[in-house]
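This report concerns only the one structure given below.
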Amino acid sequence: MNKPNAPRDIPELMMRVNAIAGLTLGEIATQYAFKTPDNLLREKGWIGQLIEYVLGATAASKPEPDFPHLGVELKTLPISYTGKPLETTYVSITPLTNLHGVTWQNSVVKKKLSHVLWLPILSERDLAPTDRIIGSGFLWQPSQQEEALLKKDWEELTEMIALGNIEQLNGHFGQVLQLRPKAANSKALTQAIGPNGCEIMTLPRGYYLKTEFTRQILAKQFS
DNA sequence: TGCTGATCATCG
DNA sequence: CGATGATCAGCA
């Protein structure tokens, strides 16, 4: 089967999303002749890349929404048999320098999360990748309450980084948004602000949504 | 090296 | 057994 084109509009995108709900990843991978790994030990991004392909998203590795003309970001969300998120959700890389003038309003996190297509995938580890089941995708925009939580965490984390306290930060900080390493390995380093404003080299970090936050998004959607 | 897509692996 | 820190692949 040919590579799907980009969906023209949001209704067309949602029709495609609804069309794959209930199917296994193996079924759509076969349909589109997409390679399937036996496990995700090495190809951790396989599920996201398969779904992107099938829905006609723009090729990855660009700092743009997956559907630029629609302003929609696609996020697959691995869930358990009971419907709980199994993993945190990566949002974006964390800027560690040039933080002057950066506000929540113009932040990459706010931009990325302004319009998300969540696609739950039943993804328990005892299921082979091909046996994992696609759930019901839905569009989401943060409520005032959700955005307030994100903003609070973002501002707290950004202030710590700007004040040179990046090394004091770990995954415990933040109620809904956290900072964790996001790198090829623990030897990859990037520039950051250290104590007294000195330049230091540190592990690249990313912003992640905690599972409790995404769990509540699901609960609200499917209640 | 940085950014996209994320999950793996280990520890408390 | 859930969460934090570490890691994997591809591309520009």
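Chain letters run A, B, ... following the sequence lines, proteins first and then strands; every chain starts at 1.
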Could you tell me the separation between the [atom1] atom of [X] and the [atom2] atom of [N], rounded to a whole number of Å?
{"X": "A:Arg205", "N": "C:dT7", "atom1": "CZ", "atom2": "P", "answer": "14 Å"}
{"X": "A:Arg180", "N": "C:dC8", "atom1": "CZ", "atom2": "C1'", "answer": "15 Å"}
{"X": "A:Lys210", "N": "C:dG2", "atom1": "NZ", "atom2": "P", "answer": "15 Å"}
{"X": "A:Lys84", "N": "C:dA3", "atom1": "NZ", "atom2": "P", "answer": "7 Å"}

Does the side chain of [X] get closer than 4.0 angstrom to OP1 or OP2 of [N] through an N or O atom?
{"X": "A:Tyr90", "N": "B:dT4", "value": "yes"}
{"X": "A:Ser92", "N": "B:dC3", "value": "no"}
{"X": "A:Lys112", "N": "B:dT4", "value": "yes"}
{"X": "A:Arg42", "N": "C:dA9", "value": "yes"}
{"X": "A:Ser186", "N": "C:dT7", "value": "yes"}

Classify the nucleic acid contact of [X] as base, sugar-phosphate or nothing, counting any heavy atom under 4.0 Å across all strands shown.
{"X": "A:Lys75", "value": "sugar-phosphate"}
{"X": "A:Gly45", "value": "base"}
{"X": "A:Thr88", "value": "base"}
{"X": "A:Leu86", "value": "nothing"}
{"X": "A:Ser123", "value": "nothing"}

A:Arg205 side chain to A:Leu203 backbone, donor-acceptor under 3.5 Å: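 Flag set: sc A:Arg205 to bb A:Leu203 pair under 3.5 Å.
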For A:Asn106 and A:Thr103, indicate whether the former's side chain and the latter's backbone hold a donor-acceptor pair under 3.5 Å.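 Between the backbone of A:Thr103 and the side chain of A:Asn106 there is a qualifying donor-acceptor contact (under 3.5 Å).
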Both A:Glu73 and A:Arg125 contact DNA chain B. Taking the nearest nucleotide for each, which residue is further toward the 5' end?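 On the 5' side of the pair lies A:Glu73.
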Are the ring centres of A:Tyr90 and A:Tyr207 closer than 6.0 Å?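 Not close enough - the centres of the two rings lie 6.0 Å or further apart.
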Nearest to the side chain of A:Leu40 - C:dA3, B:dT7, B:dG5?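 The closest nucleotide is B:dT7.
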Of the candidate nucleotides B:dC3, B:dC8, B:dA6, which contains the atom at the shortest distance from the side chain of A:Ile93?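 Looking only at side-chain atoms, A:Ile93 lies closest to B:dC3.
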Is it the case that the side chains of A:Thr158 and A:Glu155 hold a donor-acceptor pair, with the cut-off being a distance below 3.5 Å and no angle test?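 The criterion, which ignores hydrogens and geometry beyond distance, is not satisfied for A:Thr158 and A:Glu155.
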Is the ring pair A:Tyr32/A:Tyr53 parallel, tilted or perpendicular, if the boundaries are 30 and 60 degrees?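 Correct class here is perpendicular.
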